[in-house]
Amino acid sequence: MRDSYHEELDSIGEGLVDMARLVGSAMGRATAALLDADLQLAESVIAGDEKVDDLQRELETRAIQLLARQQPVATDLRIVVTSLRMSADLERSGDLAKHVAKLARLRYPGRCVPDDLHATVLEMGQLAQRLMAKAAEVVTTKNVDLALELEQDDDRMDYLHRKIFQHLMDDRWKHGIETAVDVTLIGRYYERFADHAVSCAGRVVYLVTGEHADELSATAPVEGA
């Protein structure tokens, strides 16, 4: 019975990794659909979000059943509760990828992103995908140092998000209000996606150490001190 219990705990963790990989891939494909005005790709991302939702519901059901049957305590309880929170983060990440794809579909056959912001948005999409891939690795390895790296990686996303706003506020902006709204939404979707990846990694830190990621970062020694 105990072996079966821990196998189920491990299975929930594997389900979280599957979700992270799915939403990372979805954001990568949504970015391509957005920048290339690829309607077919956008539709596949939108339709594929149902699989993420199904996985989240399945994980939630299994976690709740595990709570009811086994009444876990201490570390095991923390694993189940943390897994429930992570699955919600990942489900919302999938929604954000779907939102990017829906914008691509809405403006087809046109493009939401003007040429002068193409490189910035492409980098945001690639970075979002890398952050989620690293979050999946953290879930698998329980590597606290790797988890804490995501906070630093996310600084680049915040910089790119600010860069978009600076571009929008520039007097030389010539792409109109509709495009400005689209670009504002796109920047927000990527920034929130990155936040969810960081949140997942932070939950692993709590799972392993019992401390929150920001508390560990605050107490870490300053290099060269």
Side-chain angles (χ1 to χ4, degrees), residues 1-28 51-94 96-97 126-158 191-223:
M1 284 292 292
R2 208 63 193 162
D3 287 345
S4 174
Y5 167 52
H6 284 290
E7 284 173 9
E8 190 143 8
L9 278 179
D10 290 343
S11 178
I12 289 172
E14 290 165 4
L16 290 170
V17 172
D18 288 343
M19 282 187 74
R21 288 172 177 162
L22 273 175
V23 300
S25 173
M27 187 55 96
K51 185 174 182 180
V52 176
D53 292 343
D54 288 343
L55 267 175
Q56 196 267 339
R57 285 190 290 267
E58 180 187 335
L59 283 173
E60 187 177 78
T61 299
R62 286 160 57 192
I64 291 171
Q65 287 175 346
L66 204 60
L67 284 171
R69 288 199 315 267
Q70 302 290 344
Q71 298 179 352
V73 296
T75 301
D76 288 349
L77 177 61
R78 203 155 68 205
I79 290 172
V80 177
V81 172
T82 300
S83 296
L84 283 168
R85 291 173 175 168
M86 288 172 64
S87 72
D89 273 320
L90 293 168
E91 189 274 332
R92 286 192 287 271
S93 299
L96 291 163
Q126 293 172 338
L127 180 57
Q129 201 170 357
R130 288 199 303 273
L131 282 166
M132 193 57 75
K134 187 177 281 191
E137 186 179 352
V138 168
V139 174
T140 300
T141 63
K142 306 295 188 292
N143 187 322
V144 171
D145 291 335
L146 187 64
L148 294 174
E149 282 180 17
L150 265 82
E151 289 277 0
Q152 298 172 351
D153 296 339
D154 185 48
D155 290 342
R156 178 65 183 175
M157 184 67 83
D158 293 338
E191 189 264 341
R192 289 299 300 143
F193 187 94
D195 284 348
H196 286 306
V198 171
S199 177
C200 284
R203 295 190 195 285
V204 173
V205 172
Y206 178 71
L207 180 62
V208 173
T209 68
E211 296 185 70
H212 295 288
D214 54 352
E215 294 170 345
L216 284 180
S217 299
T219 58
V222 177
E223 189 174 340

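Keep in mind that this is a model prediction, so the values were computed, not measured. All residue numbers in this chain count up from 1 along the given sequence. As a basis for the values below, the full set of heavy atoms in this structure was taken, side chains included, without hydrogen atoms, waters or symmetry mates.
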Ala135 to Cys200 - nearest heavy-atom pair and separation: CB-CB, 4.5 Å
Sub-4.5 Å side-chain heavy-atom contact between Asp53 and Glu91: yes
Checking Arg156 against Leu127 for the side chain to side chain contact (heavy atoms under 4.5 Å, CB included) test, could you report, in this order, the C-alpha distance in whole Å, the side-chain angles of both residues, the deciding distance, and whether it holds? CA-CA 8 Å; Arg156 178 65 183 175; Leu127 180 57; 3.7 Å; yes
Check: Leu207 and Lys142 side chains under 4.5 Å, non-hydrogen atoms: yes
For the residue pair Leu77 and Leu67, establish whether any side-chain heavy-atom pair is separated by less than 4.5 Å. yes
Give the intermediate values and the outcome of side chain to side chain contact (heavy atoms under 4.5 Å, CB included) for residues Glu137 and Asn143. CA-CA 8 Å; Glu137 186 179 352; Asn143 187 322; over 6 Å; no
For a side chain to side chain contact (heavy atoms under 4.5 Å, CB included) check, start with the C-alpha distance between Arg78 and Tyr206, then their side-chain angles and the critical distance, and finish with the verdict. CA-CA 9 Å; Arg78 203 155 68 205; Tyr206 178 71; 3.5 Å; yes
Counting only N and O atoms by type, is there a donor-acceptor contact under 3.5 Å from the side chain of Ser25 to the main-chain atoms of Leu22? no
Is the backbone N or O of Arg57 less than 3.5 Å from a side-chain atom of Thr61, with the two atoms forming a donor-acceptor pair by type? yes
Measure the spacing between CZ of Arg62 and OG of Ser83 and express it to the nearest 0.5 Å. 10.0 Å
Please list all pairs passing the salt bridge (Lys or Arg N to Asp or Glu O under 4.0 Å) test where one or both residues lie in residues 79-90, with sequence neighbours left out. Asp89-Arg92, Asp89-Arg203
Spatial distance of atom NZ (Lys134) from atom CD (Gln129) [nearest 0.5 Å]: 14.5 Å
Within-4.5 Å side-chain heavy-atom neighbours: Val139 and Val204: yes
For the residue pair Arg192 and Asp195, establish whether any side-chain heavy-atom pair is separated by less than 4.5 Å. yes
What I'd like to find out is whether the side chain of Val23 reaches to under 4.5 Å of the side chain of Met27, using heavy atoms alone. no
My understanding is that only one of Leu55, Thr140, Leu59 makes a side chain to side chain contact (heavy atoms under 4.5 Å, CB included) with Leu16; could you say which? Leu59
Yes or no on side chain to side chain contact (heavy atoms under 4.5 Å, CB included) for Arg69 and Glu8, after CA distance, side-chain angles and deciding distance? CA-CA 12 Å; Arg69 288 199 315 267; Glu8 190 143 8; 3.0 Å; yes
Hey, is NZ on Lys51 packed in by over 12 heavy atoms from elsewhere, all under 6.0 Å? no
Hey, what do you get for CG (Asp54) to CE (Met19), rounding to the nearest 0.5 Å? 10.0 Å
Pairwise side-chain contact, Glu211 with Val205, heavy-atom cut-off 4.5 Å (strictly under): no
